[in-house]
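These notes are about the structure you will find just below.
Just so it is clear: chains get the letters A, B, ... in the order the sequence lines come, proteins before strands, and each one is counted from 1.
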There are 2 protein chains.
Amino acid sequence: MIQPRPRTIPEATVARLAVYLRVLTTLADGGRGTVASGELAEAAGVNPAGLRKDLSHLGPCGVRGVGYEVRTLRDRIARVLGVERSRACVLVGIGNLGSALADYAGFGTRGFEFVGLFDAAPARVGQHIGGLTVRPLADLEDVVAATRASIGVITTPAEVAQSICDRLAAAGVRSILNFAPVTLAAPPGVDVRKVDLSVELQVLAFLGQQRLVEEVS
Amino acid sequence: MIQPRPRTIPEATVARLAVYLRVLTTLADGGRGTVASGELAEAAGVNPAGLRKDLSHLGPCGVRGVGYEVRTLRDRIARVLGVERSRACVLVGIGNLGSALADYAGFGTRGFEFVGLFDAAPARVGQHIGGLTVRPLADLEDVVAATRASIGVITTPAEVAQSICDRLAAAGVRSILNFAPVTLAAPPGVDVRKVDLSVELQVLAFLGQQRLVEEVS
DNA sequence: GCCTGTGAAAATATTCACAGCG
DNA sequence: CGCTGTGAATATTTTCACAGGC
């Protein structure tokens with residue numbers, strides 16, 4: 001059994017592949033047949049050479065002198081990213097942000113299926129969002145076990161995020177996306193990824209002010 | 001006038017400084033006096049040496065053999081990130097995600113103040129969120145001009161994001177945080193930063209599956 | 001001729017390891 | 001003695017430049 005290429009794709013490349021996939025999907029839906037790296041790179045907001053290097057991780061997939069066949073490339077990236085298989089996700093914390101995620105149809109077309117929404121507040125339990133009913137936190141372990149959910153999303157207040165993380169990990173979830181503004185500790189074998197919206201704003205603001213300083217000097 | 005150190009701090013460092021700031025704020029609120037790089041690094045989820053290197057961009061600010069004075073360091077980072085000055089932000093697209101951001105008190109303590117919420121849907125206009133009233137999109141330019149808002153946040157559907165971006169840029173906004181799943185083009189001098197929630201999920205899922213493959217082989 | 005695929009080079013970022021100071 | 005601050009070493013990422021095929 002040959003191992004055609006190194007199985008590890010850099011994380012930065014994976015993130016961009018997901019972006020290319022979206023652009024390609026739009027192009028394909030618009031009936032576009034082929035696209036060159038320059039145009040695709042511009043639509044994705046990256047450098048053309050970098051895009052080609054990213055794609056090189058998938059093996060040759062373009063036609064020299066022409067470009068890439070839109071649908072073929074789309075399917076290739078989708079397969080590598082595992083969009084085909086539907087992955088069961090649970091979401092804990094159904095505030096505004098949690099509701100936004102539960103409602104967002106985009107996840108479904110990208111291989112994710114929410115199979116459980118949970119909230120500690122009795123007032124939230126029973127609400128219907130995105131075709132699911134919000135359940136009490138006590139049901140978390142049962143649902144994870146029954147659905148074999150491998151992904152958990154935390155949109156709770158910071159104070160309870162670590163305890164939710166512990167429960168998710170203990171229940172068998174292997175990957176956790178954390179929106180709470182705390183750094184979570186998880187046992188080995190469980191991957192935690194953090195998205196901090198206020199950090200994003202702060203970086204943006206800082207880079208803006210830094211740019212102003214540079215312009216003056 | 002001397003320029004004590006290079007004025008450009010790497011973007012990755014800026015993002016981590018924002019995280020350190022939050023941890024330090026928590027520690028200070030808990031009455032903690034000093035903290036060593038090891039503990040601070042663990043709480044922030046980074047390597048201790050990296051943390052010290054990040055802080056070195058601010059100039060010496062620790063005590064050898066002891067660690068960092070929590071409140072001093074907190075204030076130092078806050079000043080560098082510009083948390084003191086309050087920056088006016090407008091938010092366009094008051095769906096679930098927009099509401100979550102408008103409601104999130106954390107921005108206020110970090111130097112951001114929402115001064116305008118906008119939505120195209122008449123049903124949304126007039127709603128009260130986080131102390132503000134949602135206004136019609138037509139008011140966007142007037143509010144940006146009147147408040148001198150320098151930051152815009154886009155949480156609209158993808159289809160209209162580019163046109164909102166154009167209007168924000170034309171109205172004088174210099175920094176834009178985009179949550180819509182499209183890559184935006186902006187004129188020079190206007191900074192766009194993108195947060196794509198489904199890309200984050202996709203990266204998480206991919207890294208999880210890649211890890212499984214590695215364990216087997 | 002044109003655009004891909006890719007080695008080589010440059011730029012960044014991370015990690016190590018230890019000198020230096022309190 | 002312990003912990004900071006930092007140069008040196010390493011790893012990673014980005015960019016360039018061009019060989020090679022259509």
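Ranking C/dT4, D/dG5, D/dT13 by closeness to the A/Pro10 side chain, first place goes to D/dT13. Of the listed nucleotides (D/dC3, D/dA8, D/dG21), D/dC3 has the atom at the smallest distance from the side chain of B/Arg64. Among D/dT14, C/dG22, C/dC16, the nucleotide with an atom closest to any side-chain atom of A/Ala12 is D/dT14.
Listed pair B/Tyr68 / D/dG2 fails the phosphate criterion, with no side-chain N or O lying under 4.0 Å from OP1 or OP2. Look at A/Ser37 and you won't find any side-chain N or O under 4.0 angstrom from OP1 or OP2 of C/dC3. Regarding contacts with the backbone of D/dT14, a side-chain N or O of A/Arg16 is found under 4.0 angstrom from either OP1 or OP2. Contact annotation: B/Asn47 side-chain N/O to C/dA13 OP1/OP2 distance is not under 4.0 Å.
Under a 4.0 Å N-O distance rule, the pair B/Arg87/B/Glu113 does not qualify as a salt bridge.
Looking at heavy atoms from C-beta onward, A/Val90 lies in side-chain contact with A/Val144 at the 4.5 angstrom threshold.
Summarising the geometry, the separation between CG on B/Leu40 and P on D/dC3 is reported as 14 Å, rounded to the nearest angstrom. For A/Leu51 and C/dC3, the CG to P distance is 14 Å, given to the nearest whole Å. Put simply, NZ on A/Lys53 is 9 Å from C1' on C/dG5, counting in whole angstrom units. Per the geometry, CG belonging to A/Asp54 stands 13 Å off C1' belonging to D/dT12, to the nearest Å. The distance between atom CG of A/Leu58 and atom P of C/dG5, rounded to the nearest whole Å, is 10 Å. Atom C1' of nucleotide C/dT14 and atom CD1 of B/Ile9 are separated by 18 Å, given to the nearest angstrom. Taking atom CG of residue B/Leu55 and atom C1' of nucleotide D/dT4, one finds them 10 Å apart after rounding to whole Å. Atom NE2 in B/His57 sits roughly 15 Å away from atom C1' in D/dT4 (whole-Å rounding).
Within 4.0 Å of B/Ala36, counting heavy atoms only, lie sugar-phosphate atoms of the nucleic acid but no base atom. Note on B/Pro48: nothing from the nucleic acid sits closer than 4.0 angstrom, heavy atoms only.
Between A/Thr13 and A/Arg52, the one whose closest nucleotide on DNA chain D sits nearer the 5' end is A/Thr13. Between A/Ala49 and B/Val35, it is B/Val35 whose nearest contact on DNA chain D lies nearer the 5' terminus.
Distance OG/A/Ser150 to CD/B/Gln209: 9.5 Å, rounded to 0.5 Å.
Side chains of A/Arg74 and A/Thr25: no donor on one and acceptor on the other come within 3.5 Å.
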* Show the numbers, then the answer: is there a side chain to side chain donor-acceptor pair (under 3.5 Å) between A/Ser56 and A/Asp54? => CA-CA 5 Å; A/Ser56 75; A/Asp54 285 338; over 6 Å; no
